[in-house]
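The structure appears below as structure tokens.
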Amino acid sequence: MHKNVPLVLRILSSSVSISDKAGSIIRDIMHSGNLNIVDKGFNDLQTEADRSSQKCIVKSLMKQFPGISVIGEENLDPNYDIPNDWLVTKQDESVLVQKCPEEFHNISDEDVVVWVDPLDGTSEFTQGLLDHVTILIGLSINGRAIGGVIHQPFFNFVENKLTHGRTIWGLNGLGAFGIQKILPPSGKMIVTTSRMHSNDLVNRTVEAFKPDYVAHVGGAGNKTLYVIEGKAHAYVFPTRGCKKWDTCAPEGILHSLGGRMTDILGNPLTYNKNENFTHELGILASYSADEHAGYCQKIPSEVRERLFQSAKNRA
Ligand SMILES: O=P(O)(O)O[C@H]1[C@H](O)[C@@H](O)[C@H](OP(=O)(O)O)[C@@H](O)[C@H]1O
Ligand SMILES: [Mg+2]
Ligand SMILES: [Mg+2]
Ligand SMILES: [Mg+2]
């Protein structure tokens, strides 16, 4: 089906449909109240919603694209079954009809790694901060994020009212769909950063931006949406913690909208499956690629030094 459509568009088209189903699974589990929370260690929670969403996403992608690599955040026993209606085979026509950029015409299965964060913002989800929650399905080609899907299961959520959330997707060279880019207010500096993991390094770095306002919110996907929708000029996270599944889809979509995401020092993030999944040198995302270099210069030298040192000690 749709075999003449380039692989990249077929994967994105399936991911849009799959994320919608995963979002309804997350809402159902939230309504059931049975989160069955597991602490993976160091206050790193996992709920039934994380696990079920990942099962739906990974099984559906592997069914349709058995030759690609799919890496999910949650470490699940591979021999799980899922209800029939969790296996999504539908593709979103609005994606299939798009004109695929030339550079992605001849991509083969081996070039592709899909990075899945089945529920980003788990801590916030358990605390009822539902608008921080996103599902992230990131598409990387030969180690580079090129696009993906961000689904917000609780977008415009009203208790006991039917909601389908919001699905955003993007592809470098084509643009992004389901969201309007909004520029942040000129003459001000708004920074978004961690809600949960503040420390001296984070605070000193954020202060170096001389912000008029700091938005402390959860979710790597959610913070990237803050940048895209003009609620922040930059997303600044100068410490390790984010993983490839946290950033692949946000980076792919942000880049498709003229923004930029790198590590805190301005180096490109990479997405090869055989390398460290953690971004040891933090995250810096800007609403405009033109502003990005200037934001990198704001990082205090002692913060750079400490980051380098800690990454080297772990290597
Ligand atoms: O998918 P989860 O585990 O909710 O993803 C986490 C990130 O791994 C973590 O880095 C983020 O921390 P900050 O809030 O400090 O940026 C967290 O919000 C979630 O995105
Ligand atoms: Mg997690
Ligand atoms: Mg995450
Ligand atoms: Mg997660």
Side-chain angles (χ1 to χ4, degrees), residues 19 22-23 25-26 29-30 35-58 70-76 114-138 145 148-154 191-203 205-206 214-227 231-232 234-254 261 263-264 269 271 276-285 307 310:
S19 71
I25 291 168
I26 289 174
I29 291 170
M30 191 275 290
L35 299 191
N36 298 331
I37 299 173
V38 166
D39 192 339
K40 297 187 285 185
F42 305 113
N43 194 20
D44 188 4
L45 305 181
Q46 178 198 82
T47 72
E48 191 56 47
D50 299 75
R51 294 186 289 273
S52 298
S53 172
Q54 178 160 317
K55 290 175 183 176
C56 165
I57 295 168
V58 172
V70 181
I71 298 176
E73 173 182 353
E74 307 307 342
N75 188 11
L76 305 177
V114 173
W115 295 91
V116 176
D117 189 340
L119 195 159
D120 184 58
T122 301
S123 294
E124 287 71 28
F125 176 65
T126 62
Q127 296 166 32
L129 298 168
L130 302 176
D131 54 337
H132 296 217
V133 172
T134 61
I135 294 169
L136 306 173
I137 303 176
V149 174
I150 299 178
H151 177 83
Q152 294 174 285
F154 300 102
V191 169
T192 183
T193 191
S194 170
R195 173 179 165 271
M196 299 276 293
H197 304 103
S198 284
N199 58 34
D200 171 49
L201 207 65
V202 172
N203 296 335
T205 306
V206 169
V214 182
H216 289 275
V217 293
N222 182 41
K223 286 192 265 295
T224 305
L225 292 177
Y226 265 61
V227 172
K231 297 178 195 168
Y235 161 14
V236 181
F237 191 57
T239 182
R240 69 193 301 269
C242 267
K243 314 289 191 307
K244 295 185 189 301
W245 46 73
D246 289 308
T247 61
C248 186
E251 177 179 348
I253 292 170
L254 179 64
M261 184 184 282
D263 70 20
I264 205 75
L269 302 174
Y271 295 91
N276 180 1
F277 290 170
T278 300
H279 294 309
E280 295 292 343
L281 293 172
I283 299 294
L284 176 64
L307 264 179
S310 58

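Just so you know, ligand 1 is whichever comes first in the structure, and atom 1 is the first atom listed for that ligand. Any value given below was found using the heavy atoms of this structure, including those in side chains, with hydrogens, waters and symmetry copies removed.
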### Query
Within Glu73, is some N, O or S atom less than 2.8 Å away from the Mg ion (ligand 4)?
yes

### Query
Has ligand 1 got any nitrogen or oxygen that is less than 3.5 angstrom from a nitrogen or oxygen of Ala220?
yes

### Query
Counting from 1, what ligand 1 atoms have a heavy atom of Gly241 closer than 4.0 Å?
8 (O), 10 (O)

### Atom of Asp117 nearest the Mg ion (ligand 3) (restricted to N/O/S, atom name only)
OD2

### Query
Think Lys243 forms a cation-pi with Phe277, using NZ or CZ under 6.0 Å from the six-ring centre and within 45 degrees of its axis?
no

### Query
Got more than 12 heavy atoms from elsewhere within 6.0 Å of CG, Asn75?
no

### Task
Identify, for atom 4 (O) of ligand 1, the protein heavy atom at the shortest distance, and state residue, atom and that distance.
Gly121 N, 2.7 Å

### Query
Looking at ligand 1, does any of its N/O atoms fall within less than 3.5 Å of an N/O of Glu124?
no

## Note on the structure
With heavy atoms and a 4.0 Å threshold, my read on which part of Glu73 contacts ligand 1 is side chain

## Note on the structure
The answer for which part of Asp120 has a heavy atom under 4.0 Å from ligand 1 is both

### Message
When you compare the side chain of Ile26 with that of Ile135, does any pair of heavy atoms fall below 4.5 Å?
### Response
yes

### Query
What is the name of the N/O/S atom in Asp246 that sits closest to the Mg ion (ligand 3)?
OD1

#### Entry: Protein non-hydrogen atom below 4.0 angstrom of atom 9 (C) of ligand 1 present
no

### Query
Have Thr122 and Asp50 got a donor and an acceptor in their side chains that come within less than 3.5 Å?
yes

### Query
How about Ser52 and Glu48: does a side-chain donor come under 3.5 Å of a side-chain acceptor?
yes

### Message
At less than 4.0 angstrom from any non-hydrogen atom of Phe237, what atoms of ligand 1 do you find?
### Response
15 (O)

### Query
Would Glu74 and Arg51 pass as an ion pair if we require N to O under 4.0 Å?
no

### Message
Strictly under 2.8 Å, is the Mg ion (ligand 4) approached by any N, O or S atom of Trp245?
### Response
no

### Task
Might you work through the salt bridge (charged side-chain N to carboxylate O under 4.0 Å, His left out) test for Glu73 and Lys244, ending with a clear yes or no?
CA-CA 9 Å; Glu73 173 182 353; Lys244 295 185 189 301; over 6 Å; no

### Query
So do Arg240 and Leu307 actually touch side chain to side chain, heavy atoms under 4.5 Å?
no

### Query
Counting heavy atoms only, which of Met196, Arg240, His197 comes nearest to atom 11 (C) of ligand 1?
His197

### Query
Does the distance from a Lys or Arg side-chain N to an Asp or Glu carboxylate O, for Glu124 and Arg195, drop under 4.0 Å?
yes

### Shortest non-hydrogen contact from Asn222 toward His132
CB-O, 3.4 Å

### Message
Is it the case that ligand 1 has an N or O less than 3.5 angstrom from some N or O of Lys223?
### Response
yes

### Task
Could you see which bit of Leu119 sits under 4.0 Å from ligand 1, with heavy atoms only: side chain, backbone, both or neither?
backbone

### Message
Below 3.5 Å, N or O to N or O, backbone or side chain included: is there any such pair between Thr122 and ligand 1?
### Response
yes

### Task
Might you work through the side-chain hydrogen bond (donor to acceptor under 3.5 Å, both in side chains) test for His216 and Ser194, ending with a clear yes or no?
CA-CA 5 Å; His216 289 275; Ser194 170; over 6 Å; no

### Query
Side chain, backbone, both or neither: which part of Trp245 comes within less than 4.0 Å of ligand 1 when only heavy atoms are counted?
neither

### Distance-only side-chain donor-acceptor flag, Thr134 / His151, under 3.5 Å
no

## Note on the structure
Among non-hydrogen protein atoms, atom 17 (C) of ligand 1 lies closest to Gly219 N, 4.1 Å

### Task
Examine all N, O or S atoms of Asp120, backbone included, and report whether one is under 2.8 Å from the Mg ion (ligand 3).
yes

### Task
Would you mind telling me if ligand 1 is within reach of the side chain of Asp117, the backbone, both or neither, using heavy atoms under 4.0 Å?
side chain

### Query
Between CE of Met30 and CD1 of Ile25, what distance do you get to the nearest 0.5 Å?
14.5 Å

### Query
Short list, please: which atoms of ligand 1 are under 4.0 Å from a heavy atom of Cys242?
10 (O)

